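Protein chains get the first letters and strands the later ones, always in sequence-line order, with residue 1 at the start of each. All figures in this text were calculated on a predicted structure; none of them were measured in a lab. In what follows, every heavy atom counts, from backbone to side chain, and hydrogens, waters and symmetry copies are set aside.
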Number of protein chains: 2
Amino acid sequence: MALPSTDTSRHDNTLAVIRTLRDQGPVARVDLGALNGISSATVTSISAELLQQGLITERPPEIPRPSGRGRPKTLVELNPQAACVVCIKLSINEIQLVVGDFSGQVRHSEHHAVPTLTLSADDLEALLEEKISAICAQQLKGFQRLAGICLAVQGVVSSQSGTIIWSPALSFRNAPISARIAERFHCSVLLENDANCIASVLAAQPAYADCPNLVVIMLGYGIGMSVLINGVPYLGANGSAAEFGHSKYQPDGALCACGRRGCIEAYASDYALYRAAADHLNLPSGDSAHPSEQQMQALTQLALNGDPAAQRIYAEAGRALGIGIANVLALFNPDLVLITGSGVRGFDAMQATMHHAIDEALVTELRGSTRIESCAWDRDMTCMGGIAMALHATDAQTLSESQASAVS
Amino acid sequence: MALPSTDTSRHDNTLAVIRTLRDQGPVARVDLGALNGISSATVTSISAELLQQGLITERPPEIPRPSGRGRPKTLVELNPQAACVVCIKLSINEIQLVVGDFSGQVRHSEHHAVPTLTLSADDLEALLEEKISAICAQQLKGFQRLAGICLAVQGVVSSQSGTIIWSPALSFRNAPISARIAERFHCSVLLENDANCIASVLAAQPAYADCPNLVVIMLGYGIGMSVLINGVPYLGANGSAAEFGHSKYQPDGALCACGRRGCIEAYASDYALYRAAADHLNLPSGDSAHPSEQQMQALTQLALNGDPAAQRIYAEAGRALGIGIANVLALFNPDLVLITGSGVRGFDAMQATMHHAIDEALVTELRGSTRIESCAWDRDMTCMGGIAMALHATDAQTLSESQASAVS
DNA sequence: GTATTTATTTTAAGGGTTAAAGTAAATCAA
DNA sequence: TTGATTTACTTTAACCCTTAAAATAAATAC
């Protein structure tokens, strides 16, 4: 006669099992219990339910049996077809679409050149609808449902309201994009800052497993940052937290793309480096306000080959970066600062002055034990993170929908 | 045959009831249910248990009955005698001891002048033992137990390890103080940064209830900060997060007490203001490296009365503060920045340049909707916060001990 | 083939919550 | 005064969830 349903333990335990399987791949019931602090009786019960719902499958026993006495483990694993998610990365003049399955694997990826800066808000919406529709038609055969869509956007976004507040890739502002896409595709839409996606991927790597408080700095055309606190992205009041690129190096210093002066980005971003170099050096021509990868590589090479003017420019960028990181250490005291993004190509030319600036700026007590490391850049990382975040965000819904359809 | 005890819901609900009573004062069982999302049947069960354990009492009905039909509410309230906590604030050359009861009310407060800078670690330990023993003997009659002790310390502390890493009040470092006090008084000892205590008190005020992400800046002899994220103090990897005072205004700028250059503290703290003024102005004599309240008031008065040199000094301090706050806004994007501490006496003389610097530093998208306000300073706030935090930290233990003694 | 080992499932109990029913204690209305 | 009404609290009887223990399953070791 009672309908409690307030008890969350079964729900929580079920989500924990799903996420363990996603992180670890196939796992036996005993081990699922041990990893999540629940009894194997409960795991039996939960996995029976998930099997019936089609969210997991039992993996057939290996042909060469693993050594050891006793009854062999029966591994269960996520059913990759149970759901899929789409992640769209929006950057300057390019979008990338990636499809991921329920187990988190990337199934498909495509890039499109798009003149993003010329689009209106309606154009963008129409474009996204078209591209997502196409990918749904071509790539989503066999999946039981589209669980969600993640929009990974450079710039300031409000995840909560699903609004792009400002992006360097777009010439309009305050676009409530999530709601429209959600309505069109009948699934939840997660709007994320691109740096948060990358930080989520990096934080999942075993090398950084012991860093609950992780700062990721992304060098590139602009400079982005993500702060994970206990493993979750810190968003702040409007989602405009972690704007490292616009924290200050020199009040009244160099002009930044944001229109103000003295931002770290105005010294250490691609456009700032190229701007500083354009007057003094003989570099490949082109749009010097939006240097290409080729142009940046040429400039980096000059510095690494010992050209004094190029070295001076990178040294000053390193100093700016160092002061900025010193402020981050003083304010966040993270376990680890990771520097990545396409701009890491020039990290070796900035590293010395960066470390020097940090050591000059902070006494050892405040410098703390924070590791500061660079990290190779992979342009696919953003969407991998977006897929992981979208799956995580939609697990509860996928679960409840599977329960509903299993009952009927 | 089973001893589950893993189910945490009863425990969580019981703590929620205790904390609701502490925050709200006497509350009826129905309202406890509504406030915490549990049924009143459960509240009946929980409060029966707490009554039996002596942690709460039923308040006798009011003589002039509250209007309204129906059976009147029976209010329950915390039994103030159920436990008490002691908070000790350690600042430069002064300690304050405060006793709080289980309901969170301050029962006793005392100040002692102590030459803290001349103490060794052992001296400090002996001194604290002596003062705590004395207060226990005199003030703890009638309390069922001493639940915990809170040490509120200016400087960098590691709450986790109970170690004072560095404090401007002490001439030694890395003192593992918590463990020894805990052993001596057989209760848990919470080591907290003083700014976190103050932030906790402020965050509990109704005016700031809608600010889950709150930054509190404390101006005084030095400059401290606390960052509450979703209402809990952010500590960072070693507890040295939120060191706003040592974030940078000008690389290679003014000399700071920490030994480095260009820190915000080197411009806007009491010692920095007095140092800048000492050469130009006719001020009360004394130790200009440790200006007294009287000296600071004289200096502030000069600025507020229009003395150009004093005004220039406060204007520059405001600019430094503004750049520092701009960085805090860019990195944390909080809902509210509160400026308090004894140094708010000079806030009016800094405010204009501070706001100007913030507006110059950040575009509106990054400036966000963060409110920036000052807040009157009360030297007792630290210990009030320490008491609240100590009670919060020890509630679970108080509960389990009461259960154990109620069974026997 | 039997003992041993390990994994999974079943069973029985226990803790927790709640809807509903029951009880208590007030006001309102005649 | 008395009964209807209203609101608060308590008791009861489910129901959910978890787990220890027992049972079962499926391998290896001897």
Side-chain angles (χ1 to χ4, degrees), chain A residues 1-17 26-52 56-77 399-400 403 407, chain B residues 1-17 26-52 56-77 399-400 403 407:
Chain A
M1 210 169 283
L3 257 177
S5 88
T6 55
D7 218 349
T8 59
S9 57
R10 179 53 166 262
H11 189 250
D12 293 350
N13 287 338
T14 306
L15 284 181
V17 164
V27 178
R29 290 172 175 78
V30 235
D31 300 322
L32 283 171
L35 286 166
N36 292 295
I38 52 183
S39 73
S40 65
T42 301
V43 177
T44 293
S45 163
I46 288 171
S47 44
E49 209 172 355
L50 291 175
L51 278 167
Q52 205 239 315
I56 64 173
T57 53
E58 274 190 346
R59 163 168 284 217
E62 304 280 319
I63 324 298
R65 279 205 190 74
S67 66
R69 297 171 60 134
R71 175 176 174 173
K73 295 170 196 268
T74 316
L75 305 184
V76 295
E77 61 190 331
L399 182 59
S400 74
Q403 283 164 347
V407 165
Chain B
M1 210 171 284
L3 257 177
S5 86
T6 54
D7 218 347
T8 59
S9 58
R10 180 53 166 259
H11 187 251
D12 292 350
N13 287 338
T14 307
L15 285 181
V17 165
V27 178
R29 288 171 176 79
V30 233
D31 300 324
L32 283 172
L35 286 165
N36 292 295
I38 52 184
S39 74
S40 67
T42 302
V43 177
T44 293
S45 163
I46 288 172
S47 45
E49 208 172 355
L50 291 174
L51 280 167
Q52 205 240 315
I56 66 173
T57 54
E58 273 190 347
R59 164 169 283 219
E62 304 280 321
I63 324 295
R65 280 203 189 75
S67 65
R69 295 171 64 130
R71 176 176 174 174
K73 296 171 195 266
T74 317
L75 305 183
V76 295
E77 61 189 331
L399 181 60
S400 74
Q403 282 165 347
V407 165

Could you state the [atom1]-[atom2] distance from [X] to [N], rounded to the nearest angstrom?
X	N	atom1	atom2	value
B:His11	C:dT17	NE2	P	12 Å
B:Leu32	D:dC9	CG	C1'	13 Å
B:Asn13	C:dT18	CG	C1'	12 Å
A:Ile46	C:dT8	CD1	C1'	15 Å
A:Leu51	C:dT9	CG	P	9 Å
B:Glu58	D:dA8	CD	P	15 Å
A:Asp12	D:dC16	CG	C1'	14 Å
A:Leu35	C:dA7	CG	P	13 Å

Side chain of [X], heavy atoms from C-beta onward: which of [options] has the nearest atom to it?
X	options	value
B:Ser9	C:dT17, C:dA25, D:dC9	C:dT17
B:Arg71	D:dT7, D:dA20, D:dA29	D:dT7
B:Thr42	C:dT18, D:dT18, C:dA7	C:dT18
A:Lys73	C:dA7, D:dT19, C:dT17	C:dA7

message: Just to be sure I understand the rule, does A:Thr74 reach a base, reach only the sugar-phosphate, or reach nothing, if contact means heavy atoms closer than 4.0 Å?
response: sugar-phosphate
- prompt: If every non-hydrogen atom of A:Val43 is compared with every non-hydrogen atom of A:Ser47, which pair is closest and at what distance?
  reply: O-OG, 2.6 Å
Contact summary for A:Leu51 and A:Thr57, nearest pair of heavy atoms: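 Smallest interatomic distance, heavy atoms only, reads CD2-CA, 3.8 Å.
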message: Using a distance-only criterion (donor-acceptor N/O pair, under 3.5 Å, no hydrogens), is the base of C:dT8 paired with the side chain of A:Arg29?
response: no
query: Between the base of D:dT7 and the side chain of B:Arg69, is there a donor-acceptor distance below 3.5 Å?
result: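 Counting by modelled atom types and ignoring angles, no donor-acceptor contact under 3.5 Å is found here.
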query: Measuring from B:Leu75:CG to B:Ile56:CD1, what's the distance to the nearest 0.5 Å?
result: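 Rounded to the nearest 0.5 Å, the CG-CD1 separation comes to 11.5 Å.
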query: Nearest nucleotide by nearest heavy atom, which residue falls closer to the 5' end of DNA chain C, A:Ser45 or B:Ile38?
result: A:Ser45
- prompt: Any luck finding a side-chain donor-acceptor pair between B:Thr74 and B:Arg29 under 3.5 Å?
  reply: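 No, no side-chain donor-acceptor pair sits under 3.5 Å.
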message: Under 3.5 Å, is there a donor on one side chain and an acceptor on the other for A:Arg10 and A:Ser45?
response: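 Side-chain D/A pair, A:Arg10 to A:Ser45: present.
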